[in-house]
Amino acid sequence: MRLTRWMITSLAVAAVVGGALVADPTAQSAVRVVVRTELGDIVLEVDAKRAPNTAANFLRYVDAGHYDGGTFHRTVKMDNQPDSPVKIEVIQAGVNADRAKDGFPAIPIERTSVTGLRHTNGAVSMARGQPDSATSGWFICINDQPSLDFGGARNPDGQGFAAFGRVVQGMDVVRKIQQAPNTDAQRLTPPIKILKAARVP
């Protein structure tokens, strides 16, 4: 009798633990997003485990279709930031201009010192001015950009930017966008159109 009760209890515990192990990978699995541009596709892997708030913010813009018809509008290269003592290399994207007023509230910054994510080559991160001001703008790093991490010198406040994923396919497209014409300071002229951004099924 005691053995039977022990076996039942053990099986029940195993079922609970087993269920958790099965559920966790699904709940914490990385989400992939394909960003289709007029120069080709870029596939992003969004890290919802380590940067949950930033990832959720980006994905709500994706799911609501705000980036469909948006653009990559800014390219930052070593030769087009003469007034910046700390130079970086990124391309920046934004929502469809017709949806600009339909955005969501700004989010608190998830610092790289907390998430453990870094602004390495292909990292995806949220654009911002002041701390806790990121909304829909985001950028992709070309080459490693440690000055964008927490404590980095690119932003005077030293808080860095909120990395939330990385490019897993399409860095060749990223580099094409970076090298596209920018006759107006760092503005891409014309901007590179985003045809659609959506989760990969």
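Just so it is clear, the model here is predicted, and its values are computed rather than measured. We number each residue from 1, following the sequence as shown.
For Phe161 and Trp138, the ring centers are positioned 6.0 Å apart or more. Aromatic pair Phe58/Tyr67: ring centres closer than 6.0 Å.
When atom types are taken as modelled, the side chain of Gln92 and the backbone of Ala127 share no donor-acceptor pair closer than 3.5 angstrom. Checked by atom type and distance alone, the side chain of Asp184 never pairs as donor or acceptor with a backbone atom of Arg187 at under 3.5 Å. Looking only at distances, a side-chain donor or acceptor of Lys87 sits under 3.5 Å from a matching main-chain atom of Ser84. With hydrogens and angles disregarded, no donor-acceptor distance shorter than 3.5 Å links the side chain of Arg154 to the backbone of Pro85. In this structure, the side chain of Asn143 does not engage the main chain of Glu89 through any donor-acceptor pair within 3.5 Å.
Considering Gln130, Arg111, Arg128 in turn, Arg111 is the only one that fulfils the side chain to side chain donor-acceptor pair (under 3.5 Å) rule with Gln159.
In this structure, Gln179 and Lys77 have side chains that are in contact, with non-hydrogen atoms separated by less than 4.5 Å. Val33 has its side chain within reach of Val46: a pair of non-hydrogen atoms, C-beta onward, lies under 4.5 Å apart. The closest side-chain heavy-atom distance from Arg32 to Arg199 is not below 4.5 Å. Under the 4.5 Å side-chain criterion, counting only non-hydrogen atoms from C-beta, Val43 is not in contact with Val167. In this structure, Ile177 and Leu39 have side chains that are in contact, with non-hydrogen atoms separated by less than 4.5 Å. In this structure, the side chains of Leu148 and Cys141 come closer than 4.5 Å at one or more pairs of heavy atoms. Contact annotation: the side chain of Ile107 never approaches that of Asn53 to less than 4.5 Å [non-hydrogen atoms, C-beta and beyond]. The shortest distance between side-chain heavy atoms of Asn80 and Thr75 falls below 4.5 Å.
To the nearest 0.5 Å, atom CG of residue Asn96 and atom CZ of residue Arg99 are 7.5 Å apart. Rounding to the nearest 0.5 Å places CG of Leu195 at 9.0 Å from CG of Asp68. Rounding to the nearest 0.5 angstrom, the gap separating the CD1 atom in Ile194 from the NE2 atom in His73 is 8.5 Å. Here the CD1 atom belonging to Ile91 is positioned 7.5 Å from the CD atom belonging to Gln178, to the nearest 0.5 angstrom.
Within the cation-pi definition used here (under 6.0 Å to the ring centroid, within 45° of the axis), Arg74 does not qualify as a partner of Phe139.
Counting only N and O atoms by type, the side chains of Thr115 and Glu110 include no donor and acceptor under 3.5 Å apart. Looking only at atom types and distance, the side chain of His119 has a donor-acceptor partner in the side chain of Ser125 under 3.5 Å away.
Under the 4.5 Å side-chain heavy-atom criterion for ILVMFWY residues, a single connected hydrophobic cluster contains both Phe104 and Val95. Note on Val90: it does not cluster hydrophobically with Ile42, by side-chain heavy-atom contacts below 4.5 Å among ILVMFWY residues. The cluster map of Ile, Leu, Val, Met, Phe, Trp and Tyr, joined by side-chain heavy atoms under 4.5 Å apart, puts Ile88 and Ile140 in different clusters. Cluster membership check: Val168 shares its hydrophobic cluster with Val200, using side-chain heavy-atom separations under 4.5 Å among Ile, Leu, Val, Met, Phe, Trp and Tyr. In this structure, Val62 is a member of the same hydrophobic cluster as Val35, with clusters built from ILVMFWY side-chain heavy atoms closer than 4.5 Å.
Here the closest heavy-atom approach between residue Met126 and residue Ala134 is recorded as CB-CB, 3.9 Å. The shortest heavy-atom contact between Pro108 and Asp132 is CA-OD1, 3.2 Å. Looking at every heavy atom in both residues, Ala163 comes nearest to Ala51 through O-CB, 3.8 Å. Here the closest non-hydrogen pair linking Ile192 and Ala180 is CD1-CB, 4.2 Å. Contact detail for Gly129 and Asp157: the closest heavy-atom pair is O-OD2, 4.3 Å.
The side chain to side chain donor-acceptor pair (under 3.5 Å) search around Asp144 returns none, not counting sequence neighbours.
Taking a cutoff of 4.0 Å between a charged side-chain nitrogen and a carboxylate oxygen, Asp172 and Arg175 do not qualify as a salt bridge. Look at Arg60 and Asp63 and you find no salt bridge, because none of the NZ, NE, NH1 or NH2 atoms lies under 4.0 Å from a carboxylate O. A salt bridge is defined here as a Lys NZ or Arg NE, NH1 or NH2 lying under 4.0 Å from an Asp or Glu carboxylate O, and Lys193 with Glu38 fails to meet this definition.
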(request) Please step through side-chain contact (heavy atoms from CB on, under 4.5 Å) for the pair Phe164 and Asn57, ending with a clear verdict. (result) CA-CA 10 Å; Phe164 65 92; Asn57 176 69; over 6 Å; no
(request) Carefully, step by step, assess Glu45 and Val124 under the rule side-chain contact (heavy atoms from CB on, under 4.5 Å). (result) CA-CA 9 Å; Glu45 189 170 83; Val124 182; over 6 Å; no
(message) Set out, in order, the CA-CA distance, both residues' side-chain angles and the distance that settles salt bridge (Lys or Arg N to Asp or Glu O under 4.0 Å) for Asp41 and Lys196, then state yes or no.
(response) CA-CA 10 Å; Asp41 293 353; Lys196 187 171 183 60; over 6 Å; no
(message) Would Phe72 and Val174 count as a side-chain contact (heavy atoms from CB on, under 4.5 Å) here? Give the steps.
(response) CA-CA 10 Å; Phe72 280 94; Val174 171; over 6 Å; no
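Within a 6.0 Å radius of CZ in Arg36, no more than 12 heavy atoms belonging to other residues, nucleotides or ligands are found.
When hydrophobic residues (I, L, V, M, F, W, Y) are linked wherever their side-chain heavy atoms come within less than 4.5 Å, Ile109 remains an isolated member.
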